[in-house]
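Residues take their numbers from the sequence shown, with the count starting at 1. Quick note: numbers below take in every heavy atom, side chains included, and nothing from hydrogens, waters or symmetry partners. Because the structure is a prediction, the values reported are computed rather than measured.
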Amino acid sequence: MLNVGLSMLGLSRFQFAMTTVFHFFFVPFSIGLAFIVAIMETCYVVTKDDTYKNMTKFWGKIFLYSFAVGVVTGIIQEFQFGMNWSDYSRFMGDIFGAPLAIEALAAFFMESTFIGLWMFTWDRFNKVVHCLFIWLTAFGSTLSALWILAANSFMQNPVGYAMNAAQHKVEMTSFGAVIMNRQLWNEFPHVIFGAFLTAAFVVAGCSAWRLLKKDHENFYRKSMKVTLIVGLIACLGSIWSGDTQTRYLINNQPMKYAAMEGLWKNSTQKGNWSVIQGTKNHKTTWSIEVPYVLNILGHHSLNGTFKGQQQVNKELKAKYNKNGETRNYYVPTRTLFYSFRIMAVSAGLFALVAIIGLWFNRKKSQSIMRQRWFLYVMGLMVWLPFIVNTCGWFVTEFGRYPWVVYGLLTIADAVSPTSTVASLLFTNIVYFLIFASLGAVMIILSHRVLKQGPDSVLTDGYSTKPQDSDKKVDPYEMGAAHND
């Protein structure tokens, strides 16, 4: 009944991809929004302008929703290591365990503790101390990302380990080497800048939709100004860190780089860069090319060459194929090629929109309210960061195929031997329904916050009663008045 071309490996890969992509919708957004909310509260502390306080509370509500959904999806993701990837867990446990333990016991505990203090202590601490709570929350979320990426970076570039051949697993020999992995320090800044960019353009886009309705103009214009400044800085940081990471791949993962650039044969000194192309049977059938751009992007020079996938595949086969194996090491080229171009084009678009938005939204100008076309563009860009983040994940993970731990363990060898097609099909359906429901709840709650508007936070903390009706009454005083 289930013989429809499904396999344990294929279903396990699909489930992990589905879970990770959905989880990664919320993680960058949550990390970036924590910092934006912290910046807004800092503006309130410095300027004593209540608009910034209301902005902090208003966007803080959406931050709390994203944090909650991110935690739930993260827990589901971790379950999969035992359910579907038990051989991977046994192989990588000594390496993967330490960063994950530190992430849970230090970074996540720090983040969850201070987010609670921030939520419920608006009137119990002075403004500076309360602002410190959200900064510590943001710092904790960044530390969480660091430790997770430390584990992922080992999978991309194994360092600081020794192979235990008898037990078929890797053992950590240098924790410092794992933490100082060059892959980590190329990957981490790019992820963090991407998180800032995600949150910035989501908040700016939501503000644009409300400005189209001419709703609380001062509030949403200030929200847009803060987030577009953050977004522009984050965009420039993403371009810089992305360039650094891409150039690192030329020698570290040449197959991934060749696929990103659509190179099947070795490039020439002319450095032709493919804008779009067609491929078949590991060959380019047609392409639109621009000369020298490839060399400028990869070498920051007009001269230089790059290995194509055919050449890299021969080298990897010579290095890793043993005992007559015929395995190829080609990666999903179309996915990497177009994912990389979506990221590159989007980076330029983000920068352009941020600059135009800041100009239209400059002080004492009503340009932003007159340029309704631009507000529509800004509103639609709410969705673009999530697409770009997914493309980045595709490049990072698909680019090391067929390895789950580069050069050490293949994806096929990592899957749980006890999984079945039936169980995987069932859990795939269940997880999809759970994720769809969580996503719908997140969108509905966030939309409700936006519809209620900033007036909903003109309260004492997160209560629903207006401040002027929140007068505290001493019950003994009431009793005394009654007795009189």
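Looking at heavy atoms from C-beta onward, F35 lies in side-chain contact with W135 at the 4.5 angstrom threshold. Residues F350 and L228 fail the side-chain proximity criterion, which asks for heavy atoms closer than 4.5 Å. Two residues are said to be in side-chain contact when any heavy atoms from C-beta on lie closer than 4.5 Å; W59 and I36 fail this criterion. Residues Y401 and I411 have side chains in contact (heavy-atom distance under 4.5 Å, counting atoms from C-beta outward). For the pair C131 and Y44, the minimum side-chain heavy-atom distance is 4.5 Å or more. Using a 4.5 Å heavy-atom cutoff, the side chains of V69 and F25 are not in contact. For the pair E111/F67, a side-chain contact is recorded, criterion being any heavy-atom separation below 4.5 Å from C-beta on. Taking 4.5 Å as the limit, every side-chain heavy atom of L149 sits out of range of all side-chain heavy atoms of Q183.
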Go through the steps to decide whether E397 and N152 satisfy the test side chain to side chain donor-acceptor pair (under 3.5 Å), and finish with yes or no. CA-CA 9 Å; E397 300 305 307; N152 180 268; 3.1 Å; yes

In sequence, state the C-alpha distance, the side-chain angles, and the governing distance for W85 and F91, and then conclude on ring pair (Phe, Tyr, Trp, His ring centres under 6.0 Å). CA-CA 10 Å; W85 305 97; F91 183 85; over 10 Å; no

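Residues F16 and Q77 approach most closely at CZ-NE2, 4.0 Å, considering heavy atoms.
Between F219 and F58, the distance from one ring center to the other falls under 6.0 angstrom. Aromatic rings from F306 and H299 are positioned such that their centres are separated by under 6.0 Å.
For the side-chain contact (heavy atoms from CB on, under 4.5 Å) with F201, the qualifying choice from V353, V382, T227 is V353, the only one to do so.
Although no hydrogens or angles enter the test, the distance criterion places no donor-acceptor pair under 3.5 Å between the side chain of T410 and the main chain of P402. Checked by atom type and distance alone, the side chain of R362 pairs as donor or acceptor with a backbone atom of W359 at under 3.5 Å. A distance-only check finds a donor-acceptor pair linking the side chain of R341 to the backbone of M260 [under 3.5 Å]. Of the possible polar contacts, one joining the N295 side chain to the Q269 backbone as a donor-acceptor pair under 3.5 Å is found.
In the model, W273 has a side-chain atom that pairs as donor or acceptor with a side-chain atom of E261 under 3.5 Å.
Ring geometry, W403 versus Y329: the interplanar angle falls under 30°, so the pair is classed parallel (tilted spans 30 to 60°).
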